[in-house]
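See structure below.
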Amino acid sequence: MNGDGLALALTLAFALDMMLGDPLWFPHPIRWMGLAIEWAEPRFRRLPTGLLFSGAFLSVSLVVAVWVLAFVLVAVSNRIHPAVGIFVQTILIFSCLSARSLAEAAQGVGTALMEKGLVAGRQAVAMIVGREVDRLDDTAVTRAAVETVSENLVDGFVSPVFFALIGGAPLAMAYKMVNTLDSMIGYKNDRYILFGRFAARMDDAANWIPARLSVPFIALAAQLTSGRGSKVLAMARQDGRCHASPNAGYPEAAFAGALGIWMGGPNFYHGKLVEKPVIGKGLAEAQDIHINQACRLMLAVSVLVFLAAAVTRLLFYVN
């Protein structure tokens, strides 16, 4: 698809995400990816190649398959009519974006805490985090929601837009398969430490550039909304590497600087205490208001990222 067509598809996909979020009635391709992984895992585990190589083979096969299917679908739709091609790319890219649904999920945690109490808050945050929630107090629940907003800004919006910009809907869909594989098998436990290692490393590689690109956009959004752009850049430089993930620390540190709160620290995962560095040590504790502030910041960053991508694509087409 030419540059102006992809710019239009990006625009329409962004508008749909802002208006609809993740409607239950939508036949979401990401759910199909999850079903494909569930179907393929036991079959690839039976391969006589060892768990490390069979997991790598599974990951590569599914990512390539998604890219090929999306590429063929877009190519066929473009042959029917350019407008059909734009429509198909719009729907595929829309399915990769999750800014509004992320904001709604995080705000639901805040609402549950304020209206129904700690138990309800724990139940709500358990839907969007991987850590154990039974030991979390109000502040820890709030901090977990803010951390999720900051981390998932990248894989839920910045990365899909980045890959759509350079490779259209097929590459954005391939990225979402990478991300889905990591969320389903990229764990460091007995079951997946070997089988899911390649998927986890592939996700790290895919998000490396978008995670770092997110920092200046967070800084710009923070400067426009609260005048804290310099705090964002300083905190990202100071604590961006203070995370078990090679990528998640950058947007998390940027949000810590923007909101003036510390994040990270130890948490329980699958019954084990995992020691994590504190990001923004010495800053304030997270409070209820910070969830809404984080969501507003995340949506502002999404607008800026979309505008940058659309303008870049249009300039590419003109030139």
Side-chain angles (χ1 to χ4, degrees), residues 14 17-18 21-22 96-114 121-131 133 136 138-161 179 183 207 210-222 224-226 228-229 231-232 235-236 239-240 242-245 247-265 267 276 278-280 283-306:
F14 174 74
D17 183 50
M18 291 296 105
D22 185 13
C96 297
L97 306 179
S98 57
R100 174 168 172 171
S101 60
L102 175 59
E104 290 175 343
Q107 288 168 337
V109 175
T111 300
L113 268 177
M114 290 186 290
R122 287 172 173 171
Q123 293 172 344
V125 83
M127 303 298 292
I128 59 175
V129 301
R131 71 196 66 177
V133 301
L136 302 182
D138 290 55
T139 301
V141 168
T142 300
R143 185 166 58 251
V146 174
E147 289 175 7
T148 298
V149 171
S150 64
E151 292 179 18
N152 285 286
L153 165 65
V154 174
D155 56 21
F157 194 87
V158 179
S159 287
V161 170
N179 193 237
S183 67
N207 286 311
R212 286 151 181 82
L213 278 177
S214 71
V215 172
F217 285 101
I218 297 169
L220 177 57
L224 293 173
T225 56
S226 63
R228 294 182 62 89
K231 302 289 187 182
V232 168
M235 190 57 64
D239 288 349
C242 294
H243 201 285
S245 164
N247 301 316
Y250 288 93
E252 194 168 309
F255 268 66
L259 302 176
I261 59 174
W262 69 269
M263 292 192 275
N267 278 292
K276 293 184 176 182
V278 171
I279 292 175
L283 296 179
E285 291 275 8
Q287 299 179 18
D288 293 342
I289 191 174
H290 290 122
I291 295 179
N292 285 331
Q293 289 178 353
C295 290
R296 287 196 296 269
L297 179 61
M298 182 269 296
L299 292 173
V301 174
S302 299
V303 171
L304 293 174
V305 169
F306 153 69

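From a predicted model like this one, the values you see are computed outputs, not experimental measurements.
- Remark: R122 engages no residue in a salt bridge (charged side-chain N to carboxylate O under 4.0 Å, His left out) (not counting sequence neighbours).
- Residues A145 and I291 share a closest heavy-atom pair of CB-CD1, 4.0 Å.
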- Output, in order, the C-alpha distance, side-chain angles, deciding distance and verdict of side-chain contact (heavy atoms from CB on, under 4.5 Å) for E151 and H243. CA-CA 11 Å; E151 292 179 18; H243 201 285; 3.5 Å; yes
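- No donor-acceptor pair closer than 3.5 Å links the side chain of R100 to the backbone N or O of D22.
- To the nearest 0.5 Å, the span separating CG on L153 from CZ on F255 amounts to 5.0 Å.
- N207 places no side-chain N or O within 3.5 Å of a backbone atom of D155 that could act as its donor or acceptor partner.
- A donor-acceptor pair is defined here as one N or O able to donate and one able to accept, closer than 3.5 Å; such a pair exists between the side chain of N152 and the backbone of T148.
- With hydrogens and angles ignored, the 3.5 Å screen pairs no side-chain donor or acceptor of T142 with any backbone N or O of A286.
- Note: L213 CG to Y250 OH = 12.5 Å, rounded to the nearest 0.5 Å.
- Under the side chain to side chain contact (heavy atoms under 4.5 Å, CB included) rule, V146 has a single partner from H290, M298, E252, Q287, which is H290.
- The heavy-atom pair separating V149 from A294 by the smallest distance is CG1-O, 3.7 Å.
- At distances below 3.5 Å, at least one donor-acceptor pair connects side-chain atoms of E147 with backbone N or O atoms of G264.
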